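Below is one structure, written out as structure tokens; the observations come after it.
Just so it is clear, the structure is predicted and the values come from calculations on it, not from any experiment.
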Amino acid sequence: MKRITFTLLACFCAATLFAQTGKVLDNLSLPSKLLKSERKFAIYLPPDYATSERSYPVLYLLHGAGDNHTGWVQFGEVLNIADKAIREGTATPMIIVMPDADTGRRGYFNDVKGDWPYEDFFFQELMPFVEKKYRIKGEKRYRAVAGLSMGGGGSFMYALHHPELFSSACPLSASTGPITLEDAKKNLLRNNPDVQDTVVANYYNRHSALALVNNMPDAQKKAVRWFIDCGDDDFLFEGNSLVHIAMRKKEIPHEFRIRDGAHNWTYWRQSLPVVLEFVSQAFHQY
């Protein structure tokens, strides 16, 4: 009888553990003085968040152009994928923050005119807000950034601009920014016909992953763990390939993956479990 009772109890505990799920809140917001608006974001809380008192590592997960903070929730299936990875032990429990970069203006960077400082908002307002409101570990080792397409570009820029803040960065099918200075000038002239060459040069050096990699100081080569992933049929293959080559030449450690696939959610849903495992290696201590 005791043996039967113990077996039933074990099965019940296993079933309870298996049934535990994380939680996604996708209509959260914070006021932004910098952007003069209310800014939305979504958040994934791991299965044991409500029942524990511990603090968690954090992944900032950035959406692409045309989506908003709900993109990874609705199309990326972040809840199911993160729950499964945590349950199977390939990822450590973490908090995932998904900000909106599609309202007002589209993009993760400060506007060249200086009147839409989104990147300043991210670091000066969003990050301090969520890391105070939720039980998030504040050290670099426990913070990572990833994103797709436009958000992949944001992942590149944020980690290259602030290597002191992120342990890992995972750009997926990334928009790597202008490949040449001439490309940067063409892009800026569309909306800024009077832009000065010095402004173009400064913007290129600040917002081209290729330029930032080529100008990276030797002391920063190992500051961030890099995982770069792009499909073989992706229209953004050139920029990602050139960044990989530049990193190889500069001897910057990184993982570079080309898989069968295109620029779509089918590809990115397959990427996300790998991203969660990769960032968890730093969270755990690899």
Exceeds 12 heavy-atom contacts within 6.0 angstrom, atom CZ of Phe256: yes
Within 6.0 angstrom of Glu251 CD, more than 12 heavy atoms from elsewhere: no
Side-chain H-bond candidate by donor/acceptor type, Ser32 with Glu125, under 3.5 Å: yes
Heavy-atom donor-acceptor pair, Ser155 side chain to Gly147 backbone, under 3.5 Å: yes
Closest non-hydrogen atom pair, Ile81 against Gly76: CD1-O, 3.3 Å
pair Thr21-Asn80: side-chain heavy atoms closer than 4.5 Å: no
Heavy-atom side-chain contact between Tyr203 and Phe109 under 4.5 Å: yes
Sole residue of Asn27, Asp100, Thr103, Asp26 in side-chain hydrogen bond (donor to acceptor under 3.5 Å, both in side chains) with Lys40: Asn27
ILVMFWY network linking Val97 to Phe283, side-chain heavy atoms under 4.5 angstrom: no
Nearest-0.5 Å distance that lies between atom OH in Tyr267 and atom CG in Leu272: 13.0 Å
Hydrophobic cluster identity match, Phe129 and Met127, side-chain contacts under 4.5 Å: yes
Pairwise distance CE(Met157) to CZ(Phe122) - rounded to 0.5 angstrom: 14.0 Å
Between CG on residue Leu34 and CG on residue Asp120, distance to nearest 0.5 Å: 6.0 Å
Least distance between heavy atoms, Trp268 atom then Ser173 atom: NE1-OG, 2.8 Å
Exam field: side chain Arg225 to backbone Val279, donor-acceptor pair closer than 3.5 Å: no
Closest approach of Leu181 to Ala201 (non-hydrogen atoms, all atoms of both residues): CD1-CA, 3.7 Å
Pair Ile228-Met247, side-chain contact (heavy atoms from CB on, under 4.5 Å): steps then yes or no: CA-CA 11 Å; Ile228 303 166; Met247 284 184 163; 3.7 Å; yes
Exam field: side chain Arg87 to backbone Ala82, donor-acceptor pair closer than 3.5 Å: no
Side-chain donor/acceptor of Lys140 to backbone N/O of Phe166, under 3.5 Å: yes
Leu28-Leu79 co-clustered via ILVMFWY side chain contacts under 4.5 Å: no
Evaluation steps, side-chain contact (heavy atoms from CB on, under 4.5 Å), between Ile258 and Cys230: CA-CA 5 Å; Ile258 294 290; Cys230 189; 4.2 Å; yes
Pair Trp226 and Phe156, ring centroids less than 6.0 Å apart: yes
Which atom of Ala85 lies closest to which atom of Leu276, heavy atoms considered: CB-CD1, 4.1 Å
Residues, nucleotides or ligands: over 12 heavy atoms within 6.0 Å of Arg105 CZ: yes
Contact list for residues 44-53, test side-chain hydrogen bond (donor to acceptor under 3.5 Å, both in side chains), sequence neighbours left out: Tyr44-Asp83, Asp48-Tyr56, Ser52-Tyr56, Ser52-Arg135
Check: Pro99 and Arg39 side chains under 4.5 Å, non-hydrogen atoms: no
Val73-Val58 co-clustered via ILVMFWY side chain contacts under 4.5 Å: no
Check: Arg259/Ser271 side-chain N/O donor and acceptor closer than 3.5 Å: yes
CA sep, side-chain torsions, deciding dist, call: Asn215, Asn205, side-chain contact (heavy atoms from CB on, under 4.5 Å): CA-CA 9 Å; Asn215 295 325; Asn205 288 326; 4.0 Å; yes
Exam field: side chain Asp115 to backbone Asp111, donor-acceptor pair closer than 3.5 Å: no
Rounded distance [0.5 Å steps], CD1 in Ile43 versus CD1 in Ile96: 9.5 Å
N/O donor-acceptor pair under 3.5 Å between Lys250 side chain and Met216 backbone: yes
Check: Thr176 and Ser208 side chains under 4.5 Å, non-hydrogen atoms: no
Backbone N/O of Leu62 and side chain of Trp72: donor-acceptor pair under 3.5 Å: yes
Sub-4.5 Å side-chain heavy-atom contact between Leu165 and Phe123: yes
Min side-chain heavy-atom separation Ile95-Leu59 under 4.5 Å: no
Where His69 and Ala42 come nearest, the two heavy atoms and their spacing: O-CB, 3.5 Å
Donor-acceptor contact below 3.5 Å, side chain Ser167 vs main chain Arg143: yes
Aromatic plane relationship, Tyr118 with Tyr108 - under 30° parallel, 30 to 60° tilted, over 60° perpendicular: perpendicular
Joint hydrophobic cluster, Tyr134 plus Leu126, side-chain heavy atoms closer than 4.5 Å: yes
From CG (Leu160) to NE2 (His207), nearest 0.5 Å: 11.5 Å
Leu148 CG to Ser175 OG distance, which is reported to the nearest 0.5 Å: 11.0 Å
Side-chain heavy-atom pair Pro273, Thr90 within 4.5 angstrom cut-off: no
Close side-chain approach of Leu172 and Val275, heavy atoms under 4.5 Å: yes
Main-chain N/O of Ala101 paired to His63 side chain as donor or acceptor, under 3.5 Å: yes
Residues, nucleotides or ligands: over 12 heavy atoms within 6.0 Å of Glu139 CD: yes
Gly152 versus Ala174, closest heavy-atom pair with distance: C-CB, 3.6 Å
Short side-chain to backbone donor-acceptor contact, His161 and Arg206, under 3.5 Å: yes
